[in-house]
Peer 1: 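Structure in structure tokens, see below.
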Amino acid sequence: MDVSLNIAGGGCATRVFLMMKRVLLLLLLLITGICVPMEVVFGQAAANGNGTSVSSSSSPRPSVANIGSLFTFDSVIGRAAGPAIAAAVDDVNSDPTVLPGTRLNLISHNTNCSGFLGTVEEQIRCSCPLVIKAKFRNALQLMENRVVAVIGPQSSGIAHIISHVVNELHVPLLSFAATDPSLSALQYPYFLRTTQNDYFQMYAIADLVTSYGWREVIAIFVDDDCGRNGISILGDALAKKRAKIAYKAALTPGVPRSQISDLLLEVNQMESRVYVVHVNPDSGLSIFSVAKSLHMMTKGYVWIATDWLPSVLDSLEPDDTDTMNLLQGVVSLRHHNPETDLKRSFMSRWSNLNHKKSIGASGFNSYALYAYDTVWLAARALDVFLNEGGNLSHSTDPKLSDTKGSAMNLASLRVFDGGQQFLQTLLRMNFSGPSGQIQFDLDRNLVRPAYDVLNIGGTGSRRIGYWSNYSGLSTISPEVLYTKPRNNSSSNQHLSSVIWPGETSLVPRGWVFPENGKPLRIAVPNRISYQQFVAKDKNPPGVRGYCIDVFEAAINLLPYPVPRTYMLHGDGKRNPEYNEIVQAVAQDRYDAAVGDVTIVTNRTKIVDFTQPFMESGLVVVAPVKEQKSSPWAFLKPFTIQMWLVTGAFFLFVGAVVWILEHRMNREFRGPPSQQIMTIFWFSFSTMFFSHRENTVSTLGRFVLIIWLFVVLIINSSYTASLTSILTVQQLTSRIEGIDSLVSSNEPIGIQDGSFARNYLMDELNIAGSRLVILKSQQEYSTALQLGPKNGGVAAIVDELPYIELFLSSTNCKFRTVGQEFTKSGWGFAFQRDSPLAVDLSTAILQLSENGDLQKIHNKWLTHGDCMEQINEIDDSRLSLTSFWGLFLICGISCFIALTTFCCKVIFQFRRFTPEGGEEAEVDEIQPGRPRRSLHSTSFKDLIDFVDRKEAEIKEMLKRKSSTDIKRQASPSSDVHANSPA
């Protein structure tokens with residue numbers, strides 16, 4: 001397909017449209033100038049001077065494989081990359097295990113064409129000049145050498161242009177320095193980045209910014225593809241952490257010092273003091289030089305530089321103190337390359353590289369490592385490609401033919417036939433080099449991206465931590481963290497101490513009020529009721545009240561001045577809608593809202609609140625009346641459960657004492673009816689400590705002393721509760737709280753402008769027709785006095801601070817009923833991510849701790865004697881919960897005493913029971929009963945034994961012991977009597 005560039009007439013837009021019709025014309029549209037190429041060939045020249053095709057049909061492996069390189073020789077990156085690339089080619093050619101029988105031939109082109117604007121053809125130059133600088137010609141000349149891969153370029157802008165060429169010719173482009181995140185595999189399938197993507201660097205900076213609590217930054221960047229796209233990613237990363245770029249300060253490439261000074265003067269008048277510098281390494285130092293002259297490298301400033309700055313510093317001589325003086329306190333990121341033997345070996349060779357002198361380089365940086373590994377990546381992949389039967393053949397493309405009079409020599413270009421297979425081989429590679437692990441993920445980025453975080457100070461820099469995509473910020477190296485479970489919690493995101501500009505270790509606030517900035521626009525509710533909280537004032541500053549005094553006291557605690565202007569919101573005829581005030585702050589009509597603004601969920605979604613300076617919550621206030629005394633008031637101190645348990649324990653303890661005393665105490669013996677009466681009398685007489693029966697047993701006295709202690713506590717509590725019930729005035733209301741109010745159909749009063757209306761309707765499903773708007777304290781009192789039957793309300797629902805102020809002037813006609821059914825507070829509202837909200841929260845806490853907040857409260861707000869809630873009967877009654885411990889102790893003591901008594905009785909009974917056939921002693925217990933053996937002893941015998949007096953039992957046991965002794969002596973006498981004389 002012939003392509004004609006002879007466009008004689010028409011506008012530039014028309015010509016562009018026509019050229020975009022065809023793929024090759026789109027490529028040629030990028031040609032705006034012709035750079036004079038400088039070819040440098042490292043190693044032995046190719047077999048022929050024209051760079052003939054390395055394709056061979058007779059040999060499975062070609063003798064030479066051409067690879068090209070494109071970078072700016074005389075640049076910070078180029079001076080490091082040139083020797084590294086040359087050294088890598090020499091190492092590959094000297095390694096017999098890689099590409100055996102094939103020598104790698106490097107063809108380098110210098111892309112240093114800055115300042116030259118050209119065109120493809122004279123017609124285009126005259127009719128439609130473009131602003132893209134010419135780099136395309138170098139790529140075409142390089143492709144004429146039948147290269148199988150291109151290493152470079154270092155510029156992301158050039159990479160965008162050249163990627164169109166390699167896409168057509170199927171030649172992989174391996175860039176060791178093009179970090180632009182927009183160079184994606186979808187748009188440029190033959191572009192492969194062998195360094196870190198700026199996408200990760202921008203997320204590292206976002207983590208760094210937010211770890212110090214900063215919410216706004218100013219981005220200073222070079223206005224090219226790499227700068228714009230990188231800062232765009234930074235904005236997205238900050239937005240995910242509720243931060244943002246306050247201003248984007250773009251610098252054109254090669255900008256003069258005067259324009260840099262103008263730009264820095266502009267950003268210095270803004271609020272943010274956190275600057276992120278993302279520029280080219282060859283001109284970036286001039287920014288800090290100007291900033292130093294403008295006194296912007298002093299205390300309070302924060303400067304964060306991307307990886308361009310360490311590349312410059314690593315390339316400098318160690319004694320360059322002038323440059324280091326410009327950078328004191330700067331924080332920067334550098335590519336993280338693990339400390340391995342491969343890296344140390346490469347570093348030791350660096351000063352002895354023969355190619356260094358020919359290039360004139362003087363410094364090393366991380367791009368040298370990536371450039372070195374890029375050559376090895378191409379060599380290893382080419383070795384695998386050839387082993388798998390790949391062929392380094394090139395073929396012509398009918399689309400690439402010269403037009404009449406064209407000087408492009410397109411017909412000499414050839415398409416790499418194995419380009420797609422070679423690209424897939426590159427993506428499969430996995431090896432370790434001096435720069436680290438070379439392996440690609442699904443998005444064709446190097447795996448495990450990581451950066452060192454540096455703090456520049458003195459005559460060098462020190463590493464204060466790391467950032468990795470695996471673990472975020474950390475003081476532990478990524479290689480160690482890779483062996484541990486992933487943990488990105490905010491508590492683990494920290495760095496070592498930093499020396500900031502001005503030689504201070506105190507973390508800068510990150511923002512200031514600019515001297516020529518506008519004062520803070522503060523919205524103040526123009527209330528007509530409860531003006532003790534906030535109200536209009538004739539004297540400066542135009543407002544007064546409790547909330548204003550708190551705000552002013554907090555502002556005075558800040559370490560910086562805050563110019564401010566109070567602006568009343570409302571017509572002064574009714575209280576304003578507070579949701580409207582908050583919405584106005586969110587819409588940037590105000591910078592803040594100061595007043596009795598309640599912190600509720602829907603408001604926190606659009607603004608930021610400070611720490612609450614006043615506790616609040618919704619309560620119900622209703623009319624109350626005095627409750628008359630009842631003839632059964634003496635039963636009120638205890639609940640029904642308490643009465644029942646107390647009575648049961650009286651009987652239980654009486655029964656236990658009777659059991660323990662029955663055998664040895666004459667007062668607890670007698671007929672059954674008398675003994676039952678003794679139990680009842682003894683039990684209840686202990687309530688008044690008037691029991692006449694004496695206890696003689698040790699166990700009985702033990703139980704009784706515990707019980708008397710319990711009775712003492714119960715009597716004292718009962719007396720105190722009954723006294724309170726009979727002497728304190730009892731007030732009652734038919735409204736018991738929010739639940740009874742919701743279940744009724746009576747009207748409810750609410751304050752005008754309060755959030756209570758939305759809460760009652762949305763959360764409690766109360767019909768809007770039941771809600772009555774009340775505008776003043778007088779309307780509060782009138783509506784409650786009239787009641788629901790006379791056009792008033794049954795109760796009022798409002799926030800506790802207002803109700804406290806209202807009740808202080810009502811002579812106890814109304815009181816709060818029920819409990820506070822919401823918990824919230826009042827705070828000052830600011831626009832989202834405002835740093836003032838954080839600083840004022842700290843100041844409010846300080847006011848609370850030093851007592852100033854309470855002093856302001858006492859100055860403006862007073863309370864009467866009617867603030868106590870209604871003492872409902874159930875609330876003042878004593879329940880079992882308060883006494884179960886006493887009953888438990890008493891029960892345990894009774895159990896121990898009964899257990900001891902039973903063990904003693906059983907022991908005596910077993911000792912008294914006859915053995916064998918001797919049963920005469922049983923008759924002593926029950927005379928007249930037929931004799932029984934041990935096995936026929938009945939339970940009744942045991943009861944009869946227990947019922948005997950203790951003295952009788954002891955006497956019988958004594959006689960039984962004497963009888964046993966006689967029986968033991970009797971057989972001996974019989975033996976002597978029967979023996980022969």
Side-chain angles (χ1 to χ4, degrees), residues 179 181 184-185 192-215 217 230 233-244 274 276 304-307 310 331-344 366 369-370 373 377 426-455 461-498 505 507 833 838:
T179 57
S184 65
L192 195 58
R193 183 186 287 108
T194 57
T195 187
Q196 299 296 348
N197 192 334
D198 267 351
Y199 175 90
F200 302 106
Q201 181 172 210
M202 295 307 160
Y203 272 82
I205 292 177
D207 286 348
L208 179 64
V209 169
T210 55
S211 68
Y212 290 106
W214 302 317
R215 295 301 178 187
V217 303
I233 297 297
L234 176 61
D236 296 339
L238 290 172
K240 292 181 179 180
K241 296 180 175 295
R242 290 190 61 185
K244 65 180 181 179
V274 182
V276 177
I304 301 174
T306 53
D307 60 351
V331 175
S332 184
L333 299 182
R334 180 178 62 191
H335 298 127
H336 175 70
N337 305 117
E339 295 295 330
T340 61
D341 292 338
L342 291 173
K343 179 182 177 181
R344 285 187 285 269
S366 61
L369 301 176
Y370 289 113
D373 283 343
L377 171 65
L426 287 166
L427 295 175
R428 298 199 313 267
M429 298 307 296
N430 183 5
F431 68 95
S432 294
S435 66
Q437 184 177 2
I438 304 298
Q439 182 183 2
F440 299 98
D441 59 18
L442 296 178
D443 295 324
R444 300 189 180 182
N445 294 314
L446 289 179
V447 297
R448 295 183 174 180
Y451 291 88
D452 296 337
V453 185
L454 306 179
N455 182 209
S461 62
R462 62 186 181 94
R463 184 168 52 203
I464 58 174
Y466 307 87
W467 181 92
S468 70
N469 194 40
Y470 181 79
S471 58
L473 295 173
S474 175
T475 54
I476 304 174
S477 67
E479 289 71 37
V480 176
L481 295 176
Y482 292 147
T483 62
K484 300 179 180 181
R486 187 168 187 168
N487 185 2
N488 283 342
S489 62
S490 58
S491 60
N492 295 326
Q493 303 289 308
H494 62 277
L495 300 170
S496 300
S497 61
V498 178
S505 59
V507 178
D833 304 321
V838 178

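Note that the numbering runs from 1 along the sequence shown for the chain. The figures here come from the full heavy-atom set of this structure, side chains too, leaving out hydrogens, waters and symmetry mates.
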Peer 1: Are any of the side-chain heavy atoms of Met429 and Ile438 separated by less than 4.5 Å?
Peer 2: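 No. Closest side-chain heavy atoms not under 4.5 Å.
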Peer 1: In Å and rounded to the nearest 0.5 Å, what is the OG to NZ distance from Ser432 to Lys343?
Peer 2: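 One finds 13.5 Å between OG of Ser432 and NZ of Lys343.
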Peer 1: Got a sec, which residues hit ring pair (Phe, Tyr, Trp, His ring centres under 6.0 Å) with Phe200, two or more places apart in sequence or on another chain?
Peer 2: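 Testing Phe200 for ring pair (Phe, Tyr, Trp, His ring centres under 6.0 Å), a comparison that skips the adjacent residues, returns none.
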Peer 1: Check salt bridge (charged side-chain N to carboxylate O under 4.0 Å, His left out) between Asp207 and all other residues, then give those that pass, not counting sequence neighbours.
Peer 2: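 With neighbours one apart ignored, the set is Lys241.
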Peer 1: Run the side chain to side chain contact (heavy atoms under 4.5 Å, CB included) test against Arg448 and tell me which residues pass, sequence neighbours left out.
Peer 2: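 Once residues adjacent in sequence are excluded, the partners of Arg448 under the side chain to side chain contact (heavy atoms under 4.5 Å, CB included) criterion are Gln437, Tyr482.
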Peer 1: Go through the structure and list residues passing ring pair (Phe, Tyr, Trp, His ring centres under 6.0 Å) with Trp467, not counting sequence neighbours.
Peer 2: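 For Trp467 there are no ring pair (Phe, Tyr, Trp, His ring centres under 6.0 Å) partners, ignoring immediate neighbours.
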Peer 1: Could you tell me the separation between the CG atom of Asn469 and the CG atom of Asn197, rounded to the nearest 0.5 Å?
Peer 2: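 Nearest 0.5 Å value for the CG-CG distance: 10.5 Å.
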Peer 1: Under the side-chain hydrogen bond (donor to acceptor under 3.5 Å, both in side chains) test, which residues partner Lys240, sequence neighbours left out?
Peer 2: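 Per chain and number, Lys240 pairs via side-chain hydrogen bond (donor to acceptor under 3.5 Å, both in side chains) with Tyr203.
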Peer 1: Nearest 0.5 Å, what's the OG-CZ distance between Ser461 and Arg334?
Peer 2: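 The distance works out to 6.0 Å.
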Peer 1: What verdict does the side-chain contact (heavy atoms from CB on, under 4.5 Å) test give for Val447 and Asn430, after you've listed the backbone C-alpha separation in whole Å, the side-chain angles of each residue and the deciding distance to 0.1 Å?
Peer 2: CA-CA 10 Å; Val447 297; Asn430 183 5; over 6 Å; no
Peer 1: State which residues pass ring pair (Phe, Tyr, Trp, His ring centres under 6.0 Å) with His336; sequence neighbours excluded, sorted by chain then number.
Peer 2: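 If we apply the ring pair (Phe, Tyr, Trp, His ring centres under 6.0 Å) test to His336, skipping adjacent residues, the hits are Tyr466.
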Peer 1: Would you find a donor on one side and an acceptor on the other, under 3.5 Å apart, between the side chain of Tyr470 and the backbone of Arg486?
Peer 2: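 A pair under 3.5 Å: yes.
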Peer 1: Can you classify the ring geometry of His335 versus Tyr451 as parallel (below 30°), tilted (30 to 60°) or perpendicular (above 60°)?
Peer 2: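 Because their plane-to-plane angle lies in the 30° to 60° range, the rings of His335 and Tyr451 count as tilted.
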Peer 1: What pairs meet the salt bridge (Lys or Arg N to Asp or Glu O under 4.0 Å) rule with one or both residues in residues 438-447, with sequence neighbours excluded?
Peer 2: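 Sorted pair list comes back empty.
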Peer 1: For Phe440, give me all partners under ring pair (Phe, Tyr, Trp, His ring centres under 6.0 Å), at least two apart in sequence or on another chain.
Peer 2: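 For Phe440 there are no ring pair (Phe, Tyr, Trp, His ring centres under 6.0 Å) partners, ignoring immediate neighbours.
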Peer 1: With sequence neighbours left out, write down each residue that passes side chain to side chain contact (heavy atoms under 4.5 Å, CB included) with Arg242, or none if nothing qualifies.
Peer 2: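 Partners of Arg242 by the side chain to side chain contact (heavy atoms under 4.5 Å, CB included) criterion, ordered by chain and then number, come out as Arg215, Asp608, Arg832, Asp833.
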Peer 1: Within a 6.0 Å radius of atom NZ on Lys244, are there more than 12 heavy atoms belonging to other residues, nucleotides or ligands?
Peer 2: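 No, NZ of Lys244 has 12 or fewer neighbouring heavy atoms, counting only those of other groups under 6.0 Å.
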Peer 1: CG/Leu481 to CD1/Ile476 distance, rounded to the nearest 0.5 angstrom?
Peer 2: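 Answer rounded to 0.5 Å: 5.0 Å.
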Peer 1: Can you name the residues that form a side chain to side chain contact (heavy atoms under 4.5 Å, CB included) with Val498, not counting sequence neighbours?
Peer 2: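 Val498: side chain to side chain contact (heavy atoms under 4.5 Å, CB included) contacts with Tyr212, Val331, Asn455, Ile464, Trp500.
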Peer 1: Assess whether side-chain contact (heavy atoms from CB on, under 4.5 Å) is satisfied between Leu333 and Val453, documenting all intermediate values.
Peer 2: CA-CA 5 Å; Leu333 299 182; Val453 185; 3.8 Å; yes
Peer 1: For Ser332, which residues count as a side-chain hydrogen bond (donor to acceptor under 3.5 Å, both in side chains) partner, sequence neighbours excluded?
Peer 2: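 If we apply the side-chain hydrogen bond (donor to acceptor under 3.5 Å, both in side chains) test to Ser332, skipping adjacent residues, there are no hits.
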Peer 1: Heavy atoms, side chains only, cut-off 4.5 Å: are Arg193 and Leu446 in contact?
Peer 2: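 Not in contact.
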Peer 1: Taking side chain as C-beta onward, heavy atoms only, is Leu454 less than 4.5 Å from Arg463?
Peer 2: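 Yes, their side chains come closer than 4.5 Å.
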Peer 1: List in chain and number order the residues that pass side chain to side chain contact (heavy atoms under 4.5 Å, CB included) with Asp198, two or more places apart in sequence or in another chain; answer none if no residue qualifies.
Peer 2: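 Expected list: Thr179, Pro181, Gln201, Cys226, His278.
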Peer 1: Apply side-chain contact (heavy atoms from CB on, under 4.5 Å) to the pair Met202 and Thr306, showing each step before the final yes or no.
Peer 2: CA-CA 8 Å; Met202 295 307 160; Thr306 53; 4.1 Å; yes
Peer 1: Less than 4.5 Å apart, any side-chain heavy atom of Asn337 and any of Pro434?
Peer 2: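 Answer no - side chains too far apart.
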